[in-house]
Every structure is written in C-alpha cells, then in structure tokens.
Amino acid sequence: MDESLVSADGKNSRAVLCQRCGCRVLSAGMATLAKRELLLPSMKKKSSLAEDANPDCELLVEHWLVHDMFTFENVGFTKDVGSVKFLVCADCEVGPIGWHSLEEKSNFYVALERVRHE
C-alpha cells in the first residue's frame, strides 16, 4: 500500500474514485484505513453480481471503512446476497468495490485495490 494515501490520523488523504469511470466515491478525510480479510467477487456489472451463484472471488485485506452510508459521494448497492450487500460505482455500476454486512449495520468497507485515488 502507498503510505501517502493515509493521513497521520489514519484517514484517506486523497479522494477515492472508481477505477473504471473516475466517479468520486469518497472525498478526502472521510474514511479510516481498516485491515480485515474480506472475500469479494471479481469486478463485474451490478446486474451480474446478484445473479452469479458461484462467482470468482478475491481475498482483500486493506479497506477504507465508513460508518455512515451518507458519507459516500456516489455509491450503489447490490440486492442482498445472503447477509451482504456489495458496493458498486453509482455511475457505471461496476463492482464490487466494497462490502456491507447487514449484521454490521454501520460498517461499509471499500477495498483499496478496487479504487484509485486522486
């Protein structure tokens, strides 16, 4: 991970953008770096994420953690997949860029490897 992405207080020092279309997902200083192992399906359009019963998955560890869904600039959510909703870009609907457990109502994770920073 690029250390310049994290400020002294552990927050994102740059804006978080969609890798594909450049849409702003989070403004700088709005999320905290969190390390947690999460299994996310391979990047696809939102419509195919909910339909694919056995998607290829990737284990990701570094995430931006947000505690309020209204903190996001632009983010969409898939239909429930078990007890999880995946986060996708609101403009191009590609994802998942992150993960939200319905059991952890106030934790929203955005994978650093699934976004770019500006």
Side-chain angles (χ1 to χ4, degrees):
M1 179 191 68
D2 181 354
E3 297 297 323
S4 71
L5 297 177
V6 185
S7 65
D9 61 353
K11 297 199 176 281
N12 59 311
S13 60
R14 298 189 213 161
V16 177
L17 310 174
C18 173
Q19 282 182 341
R20 181 169 179 249
C21 72
C23 172
R24 182 180 296 251
V25 176
L26 282 167
S27 293
M30 301 306 290
T32 307
L33 181 65
K35 295 192 184 241
R36 179 173 178 178
E37 290 187 351
L38 297 174
L39 206 56
L40 291 178
S42 298
M43 298 276 279
K44 298 180 181 181
K45 284 285 274 181
K46 178 180 172 182
S47 56
S48 62
L49 279 174
E51 296 168 3
D52 196 349
N54 296 309
D56 293 331
C57 291
E58 183 178 8
L59 184 65
L60 301 171
V61 177
E62 294 176 323
H63 309 275
W64 293 120
L65 174 61
V66 175
H67 294 292
D68 182 349
M69 66 186 258
F70 296 107
T71 301
F72 290 103
E73 297 286 325
N74 288 297
V75 76
F77 295 87
T78 62
K79 295 178 183 172
D80 297 0
V81 181
S83 64
V84 170
K85 285 185 181 278
F86 294 111
L87 281 62
V88 299
C89 173
D91 281 0
C92 69
E93 295 191 334
V94 164
I97 60 169
W99 181 91
H100 170 65
S101 169
L102 299 174
E103 295 161 4
E104 295 178 34
K105 297 198 185 312
S106 65
N107 288 341
F108 302 84
Y109 295 90
V110 177
L112 268 69
E113 290 182 32
R114 300 282 178 97
V115 293
R116 61 186 174 100
H117 300 85
E118 166 183 270

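- Taking NZ of K105 as the start and CG of D68 as the end, the distance is 14.5 Å to the nearest 0.5 Å.
- L87 has its side chain out of reach of P96: every pair of non-hydrogen atoms, C-beta onward, lies at least 4.5 Å apart.
- H67 contributes atom NE2, which lies 6.5 Å from atom OG of S106 (distance to the nearest 0.5 angstrom).
- With R114 as the partner, the side-chain hydrogen bond (donor to acceptor under 3.5 Å, both in side chains) test is satisfied by one option alone out of E58, Q19, H63: E58.
- Of the inter-residue distances, the one linking E62 atom CD with E37 atom CD reads 11.5 Å to the nearest 0.5 angstrom.
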_Test log, rule salt bridge (Lys or Arg N to Asp or Glu O under 4.0 Å), inputs R36 and E104_ = CA-CA 14 Å; R36 179 173 178 178; E104 295 178 34; 2.9 Å; yes
*May I have the step-by-step check of side-chain contact (heavy atoms from CB on, under 4.5 Å) for L26 and T71, ending in yes or no?*
CA-CA 7 Å; L26 282 167; T71 301; 4.1 Å; yes
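- Take A90 and apply the side chain to side chain contact (heavy atoms under 4.5 Å, CB included) test, not counting sequence neighbours, and it matches N74.
- Considering only heavy atoms from C-beta on, V110 comes within 4.5 Å of V115 through its side chain.
- Partners of V25 according to the side chain to side chain contact (heavy atoms under 4.5 Å, CB included) rule, which considers only residues two or more places apart in sequence or in another chain, are V16, F72, I97.
- Listed by first and then second residue, the salt bridge (Lys or Arg N to Asp or Glu O under 4.0 Å) pairs that reach into residues 3-13 come to none, sequence neighbours excluded.
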*Please assess L112 against V61 for the test side-chain contact (heavy atoms from CB on, under 4.5 Å), listing each intermediate value before the final yes or no.*
CA-CA 9 Å; L112 268 69; V61 177; over 6 Å; no
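- Remark: W99 engages no residue in a side-chain hydrogen bond (donor to acceptor under 3.5 Å, both in side chains) (not counting sequence neighbours).
- What you find for S13 and V6 is that their closest heavy atoms are OG-N, 3.7 Å.
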*Passes side-chain contact (heavy atoms from CB on, under 4.5 Å), N12 versus H117? Steps please.*
CA-CA 9 Å; N12 59 311; H117 300 85; 5.6 Å; no
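- Side-chain contact between R24 and E118 is present, with heavy atoms from C-beta onward closer than 4.5 Å.
- For L39 against C57, the heavy-atom pair with the smallest separation is CG-CB, 3.7 Å.
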*Please report the C-alpha distance between D2 and R14 in whole Å, then the side-chain angles of each, then the deciding distance to 0.1 Å, and finally whether the salt bridge (Lys or Arg N to Asp or Glu O under 4.0 Å) criterion is met.*
CA-CA 11 Å; D2 181 354; R14 298 189 213 161; 3.6 Å; yes
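- Side chains of H100 and N107: no donor on one and acceptor on the other come within 3.5 Å.
- Across all non-hydrogen atoms, the minimal contact from A31 to W64 is CB-CB, 3.7 Å.
- Not a single donor-acceptor pair under 3.5 Å links the side chain of D80 to the backbone N or O of G82.
- Listed by chain and residue number, E103 satisfy the side chain to side chain contact (heavy atoms under 4.5 Å, CB included) test with S83 (two or more places apart in sequence, or in another chain).
- What you find for V84 and F86 is that their closest heavy atoms are CG1-CE2, 3.9 Å.
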_side-chain contact (heavy atoms from CB on, under 4.5 Å) evaluation trace for S27 with E73_ = CA-CA 7 Å; S27 293; E73 297 286 325; 2.9 Å; yes
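- Under the side chain to side chain contact (heavy atoms under 4.5 Å, CB included) criterion, A34 pairs with L65, Y109, sequence neighbours left out.
- Minimum interatomic distance between A111 and L60 (heavy atoms only, all atoms of both residues): CB-CD1, 3.6 Å.
- A continuous path of hydrophobic side-chain contacts links F108 to V94 [ILVMFWY only; heavy atoms under 4.5 Å].
- In terms of heavy atoms, V81 sits closest to T78 at CG2-OG1, 4.3 Å.
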